[in-house]
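What follows is one structure encoded as structure tokens, with my remarks underneath.
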Amino acid sequence: MSARLTRAQQQQLRRAERAVDHMTAMQREIFLGIRVDELSYIEIAATHGITVADVEHYFAGALRILDRHMHERHHKWWQFWR
């Protein structure tokens, strides 16, 4: 496979970068901790001094932002789940 990205892949990468930029600092740290560093919710909670429920809350918020930016739409049903 080529090391160069296709135009579609470049656009998708830019969308993901924009999504991460729109996350709060805590959402960003938790999202990257889970997805990039592959930390467990328990490890992240201990690192930040928060509960596992808080980690779930921040991660869900990060996923909403990522979904909105990746698909360039806003799901109206998300507004009921805050």
Side-chain angles (χ1 to χ4, degrees):
M1 186 168 162
S2 173
R4 299 192 68 174
L5 298 175
T6 66
R7 181 175 167 88
Q9 290 171 326
Q10 289 173 352
Q11 288 175 338
Q12 195 172 25
L13 182 59
R14 279 194 298 272
R15 284 187 200 126
E17 289 171 343
R18 256 187 316 226
V20 172
D21 289 343
H22 281 86
M23 294 176 188
T24 65
M26 187 63 83
Q27 286 173 330
R28 185 179 312 112
E29 286 184 41
I30 290 172
F31 176 78
L32 295 175
I34 291 169
R35 293 297 182 179
V36 176
D37 299 332
E38 299 180 353
L39 299 173
S40 71
Y41 287 27
I42 295 169
E43 291 171 321
I44 292 173
T47 301
H48 293 286
I50 58 178
T51 66
V52 172
D54 289 336
V55 172
E56 292 170 346
H57 172 77
Y58 286 117
F59 188 54
L63 290 177
R64 282 194 301 272
I65 292 168
L66 182 67
D67 181 65
R68 189 174 2 183
H69 282 84
M70 294 305 289
H71 299 104
E72 296 181 347
R73 67 184 189 286
H74 185 278
H75 297 293
K76 291 188 182 238
W77 58 271
W78 282 117
Q79 68 188 347
F80 300 111
W81 190 55
R82 292 186 199 192

Practice task
Please tell me if the side chains of R35 and F59 come closer than 4.5 Å, counting only heavy atoms from C-beta onward.
Solution key: yes
Problem - Value rounded to 0.5 Å, distance of CG in D37 from CD in E43 - result: 10.0 Å
Fill in the blank from the handout: Sorted by chain and number, sequence neighbours left out, side-chain contact (heavy atoms from CB on, under 4.5 Å) with Q12 holds for M70
Handout entry: Under the side-chain hydrogen bond (donor to acceptor under 3.5 Å, both in side chains) test, residues paired with T47 that sit two or more places apart
Key = none
Handout entry: Side chain proximity check, L39 to I34, heavy atoms < 4.5 angstrom
Key = no
Exercise for the section: Give a yes or no on whether the backbone of M26 and the side-chain of E29 come within a donor-acceptor separation of less than 3.5 Å. Expected result: no
Practice task
Could you pull out all residues at least two apart from V52 that satisfy side-chain contact (heavy atoms from CB on, under 4.5 Å)?
Solution key: Y41, I42, A45, E56
Exercise for the section: Return the set of residues passing side-chain contact (heavy atoms from CB on, under 4.5 Å) with Q27 (not counting sequence neighbours), or none when no residue passes. Expected result: M23, T24, Y58, A62, I65
Practice task
Working to the nearest 0.5 Å, report the span between CD1 of I44 and CD1 of I50.
Solution key: 8.0 Å
Exercise for the section: May I ask you to check whether over 12 heavy atoms, not counting those of R14, lie within 6.0 Å of atom CZ? Expected result: yes
Handout entry: Qualifying residues under ring-ring contact (aromatic ring centres under 6.0 Å, His included), relative to H22, sequence neighbours excluded
Key = H69
